[in-house]
Novice: 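The structure under discussion is supplied below as structure tokens; questions concerning it will follow.
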Amino acid sequence: MLSYSISTPVQAPLSHVKELFTAELLVKLSPPFPTVALQRFDGCKKGDNVNLVINLVFMKVTWSSLITEDQETDNEWYFIDQGVKMPFGLQYWQHKHRVKKTSEGACEIIDEISFDTRNAFLNYLLFPFLWGMIFYRKPFYKKYLSLVNAL
């Protein structure tokens, strides 16, 4: 199993960022290739489902996740999506989406990922793609979630 974490500072209060974690944001966070179609987005609470269809030109694959946990305090909000049906030989996927308050008007989005294909070679082969998929989100988090850019 491989794990990694990517952190992005955002100039907005935690409550504002939480409010904007919607289907619309998920669509904006998707890379231009491969194209991703959102089939289902129930939300970010335990028991919610998220289903995506990834168009690889020569075939379409489904990625389905279940939100297995969510929690909120005054200083942090998070939810965990667990892969249910995944492409690319993935046998395990867990993505903890954390939003931590860093000051009254700012927070940090932390994406914590763990995945496994049950094949070390394939894990390392997929790592750059999966890391890049999350790293790609950084400028979009800042653009769509920061109050500085919303004015």
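We number each residue from 1, following the sequence as shown. Heavy atoms only: backbone and side chains are in, while hydrogens, waters and symmetry mates are out.
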Novice: Looking at side-chain heavy atoms only, is the closest gap between Asp42 and Val50 below 4.5 Å?
Specialist: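 No, their side chains stay 4.5 Å or more apart.
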
Novice: In Å, rounded to the nearest 0.5 Å, how long is the span from CG of Asn123 to CG of Leu130?
Specialist: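 CG of Leu130 is found 9.0 Å from CG of Asn123.
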
Novice: Are Pro87 and Thr62 packed together at the side-chain level, in the sense that at least one heavy-atom pair is separated by less than 4.5 angstrom?
Specialist: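 Side-chain contact under 4.5 Å: no.
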
Novice: Once ring pair (Phe, Tyr, Trp, His ring centres under 6.0 Å) is applied, do any residues pair with Tyr92, and if so which ones, sequence neighbours excluded?
Specialist: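 None.
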
Novice: Check Pro34 against Leu56 and note the closest heavy-atom contact, atom names and distance.
Specialist: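 Shortest heavy-atom contact: CB-CD2, 3.6 Å.
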
Novice: Quick one: CD1 on Ile67 to NZ on Lys45, what's the gap to the nearest 0.5 Å?
Specialist: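 Answer for the CD1-NZ pair, Ile67 versus Lys45, is 11.0 Å.
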
Novice: Using the ring pair (Phe, Tyr, Trp, His ring centres under 6.0 Å) criterion, which residues pair with His97? Sequence neighbours excluded.
Specialist: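 His97: ring pair (Phe, Tyr, Trp, His ring centres under 6.0 Å) contacts with Phe79, His95.
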
Novice: Are Ile80 and Trp77 in one and the same hydrophobic cluster, where Ile, Leu, Val, Met, Phe, Trp and Tyr link if side-chain heavy atoms are under 4.5 Å apart?
Specialist: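 No: no chain of side-chain contacts under 4.5 Å links Ile80 to Trp77.
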
Novice: How long is the straight-line distance from OG of Ser65 back to CG of Asn51, given to the nearest 0.5 Å?
Specialist: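 Taking CG in Asn51 and OG in Ser65, the distance rounds to 8.0 Å.
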
Novice: Nearest 0.5 Å, what's the CG-OG distance between Leu20 and Ser15?
Specialist: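 Output value for this atom pair is 9.5 Å.
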
Novice: Under a 4.5 Å side-chain heavy-atom rule over Ile, Leu, Val, Met, Phe, Trp and Tyr, are Phe129 and Phe127 clustered together?
Specialist: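 Result: yes, single cluster for both.
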
Novice: Under 4.5 Å between side-chain heavy atoms, hopping through other hydrophobics if needed: is there a path connecting Leu52 to Val57?
Specialist: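 They do not share one cluster, since no chain of ILVMFWY contacts under 4.5 Å joins Leu52 to Val57.
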
Novice: Would you verify whether the NZ or CZ of Lys28 falls within 45 degrees of the ring axis of Phe140 while also being under 6.0 Å from that six-membered ring's centre?
Specialist: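 No, Lys28 does not sit over the ring of Phe140.
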
Novice: Counting C-beta onward and ignoring hydrogens, is there a side-chain heavy-atom pair between Ile6 and Tyr4 closer than 4.5 Å?
Specialist: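 Yes - at least one pair of side-chain heavy atoms lies under 4.5 Å apart.
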
Novice: Are Ile134 and Leu125 connected, step by step, through hydrophobic side chains (Ile, Leu, Val, Met, Phe, Trp, Tyr) whose heavy atoms are closer than 4.5 Å?
Specialist: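 Yes.
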
Novice: Quick one: do Val84 and Phe115 end up in the same hydrophobic cluster if we chain Ile, Leu, Val, Met, Phe, Trp and Tyr together by side-chain heavy atoms under 4.5 Å apart?
Specialist: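 In one cluster: no.
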
Novice: For the pair Tyr78 (side chain) and Glu69 (backbone), establish whether a donor and an acceptor sit closer than 3.5 Å, ignoring hydrogens and angles.
Specialist: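 Checked: no pair found.
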
Novice: Could you give me the CA-CA distance, side-chain angles and deciding distance for Val99 and Tyr141, then say whether side chain to side chain contact (heavy atoms under 4.5 Å, CB included) is met?
Specialist: CA-CA 11 Å; Val99 182; Tyr141 281 152; over 6 Å; no

Novice: Hey, does Trp63 have a side-chain heavy atom less than 4.5 Å from the side chain of Val36?
Specialist: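 Result no, sub-4.5 Å side-chain heavy-atom pair not found.
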
Novice: Tell me, with the steps shown, if Lys46 and Asp48 meet salt bridge (Lys or Arg N to Asp or Glu O under 4.0 Å).
Specialist: CA-CA 6 Å; Lys46 184 176 180 176; Asp48 289 346; over 6 Å; no

Novice: Got Ile54 and Lys60 here, is their nearest side-chain heavy-atom distance under 4.5 Å?
Specialist: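 Side chain of Ile54 against side chain of Lys60, heavy atoms only: no contact under 4.5 Å found.
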
Novice: If I compare all heavy atoms of Thr117 with all of Phe88, which pair ends up nearest, and what's the gap?
Specialist: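 Scanning both residues, the minimum pair turns out to be CG2-O, 4.3 Å.
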
Novice: When you compare the side chain of Phe41 with that of Leu26, does any pair of heavy atoms fall below 4.5 Å?
Specialist: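 They are in contact (side-chain heavy atoms under 4.5 Å apart), so the answer is yes.
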
Novice: How far does OH of Tyr136 sit from CG of Leu29, to the nearest 0.5 angstrom?
Specialist: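 Between Tyr136 OH and Leu29 CG, I get 9.0 Å after rounding to 0.5 Å.
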
Novice: Test of understanding: with salt bridge (Lys or Arg N to Asp or Glu O under 4.0 Å), list the residues that count as partners of Arg137, not counting sequence neighbours.
Specialist: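 With neighbours one apart ignored, the set is empty.
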
Novice: Would you say Asn75's side chain and Lys101's backbone share a donor-acceptor pair under 3.5 angstrom?
Specialist: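 Pair absent, no side-chain N/O of Asn75 close to backbone of Lys101.
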
Novice: Checking Trp93 against Asp116: is there a side-chain donor and acceptor pair closer than 3.5 Å?
Specialist: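 No donor-acceptor contact under 3.5 Å links the two side chains.
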
Novice: What's the shortest heavy-atom distance between Pro13 and Leu147, and which atoms?
Specialist: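 Of all heavy-atom pairs spanning Pro13 and Leu147, the closest is CD-CD1, 3.5 Å.
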
Novice: Evaluate the side chain to side chain contact (heavy atoms under 4.5 Å, CB included) criterion for residues Leu90 and Leu126: first the C-alpha distance (whole Å), next the side-chain angles of each, then the deciding distance (0.1 Å), finally the verdict.
Specialist: CA-CA 9 Å; Leu90 288 168; Leu126 285 176; 4.2 Å; yes

Novice: Are Met59 and Val61 side-chain neighbours, meaning at least one heavy-atom pair lies under 4.5 Å?
Specialist: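 In short, these two side chains touch, coming nearer than 4.5 Å.
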
Novice: For a 4.5 angstrom cut-off between non-hydrogen side-chain atoms, does Ser30 reach Leu38?
Specialist: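 In short, these two side chains do not touch, never coming nearer than 4.5 Å.
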
Novice: Is it the case that over 12 heavy atoms from other parts of the model lie below 6.0 angstrom from the CD atom of Glu24?
Specialist: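 No, CD of Glu24 has 12 or fewer neighbouring heavy atoms, counting only those of other groups under 6.0 Å.
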
Novice: Under a plain distance cut-off of 3.5 Å, with no hydrogens placed, do Tyr124 and Asn119 share a side-chain donor-acceptor pair?
Specialist: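 Checked: Asn119/Tyr124 side chains show no N/O donor-acceptor pair below 3.5 Å.
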
Novice: Please determine whether the number of non-hydrogen atoms from other residues, nucleotides or ligands lying under 6.0 Å from atom CZ of Phe33 exceeds 12.
Specialist: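 Check passes, neighbour count above 12.
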
Novice: Over all heavy atoms of both residues, which pair between Val17 and Ala12 is shortest? Give the atoms and the distance, please.
Specialist: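 Val17 and Ala12 have their closest heavy atoms at CG2-CB, 4.0 Å.
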
Novice: Taking Asn49 for its side chain and Leu66 for its backbone only, find out whether a donor-acceptor pair lies under 3.5 Å.
Specialist: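 No, because the side chain of Asn49 does not come within donor-acceptor range (under 3.5 Å) of the backbone of Leu66.
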
Novice: Determine whether a donor-acceptor pair (N or O, by modelled atom type, separation under 3.5 Å) exists between the side chain of Ser3 and the backbone of Ser114.
Specialist: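 Pair absent, no side-chain N/O of Ser3 close to backbone of Ser114.
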
Novice: Supply the atom-to-atom distance Leu145 CG to Glu19 CD, rounded to the nearest 0.5 angstrom.
Specialist: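 It comes to 11.0 Å.
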
Novice: Can we say Arg98 and Glu112 salt-bridge, meaning some charged N sits less than 4.0 Å from an Asp/Glu carboxylate O?
Specialist: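 A salt bridge is present here (some side-chain N lies under 4.0 Å from a carboxylate O).
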
Novice: Considering all heavy atoms of both residues, which atom of Ser5 and which atom of Ile110 are nearest to each other, and what is their separation?
Specialist: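 Smallest interatomic distance, heavy atoms only, reads OG-CG2, 3.4 Å.
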
Novice: Can you spot which of Lys100, Lys138, Glu108 makes a side-chain hydrogen bond (donor to acceptor under 3.5 Å, both in side chains) with Ser7?
Specialist: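 Running side-chain hydrogen bond (donor to acceptor under 3.5 Å, both in side chains) over Lys100, Lys138, Glu108 with Ser7 returns exactly one hit, Glu108.
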
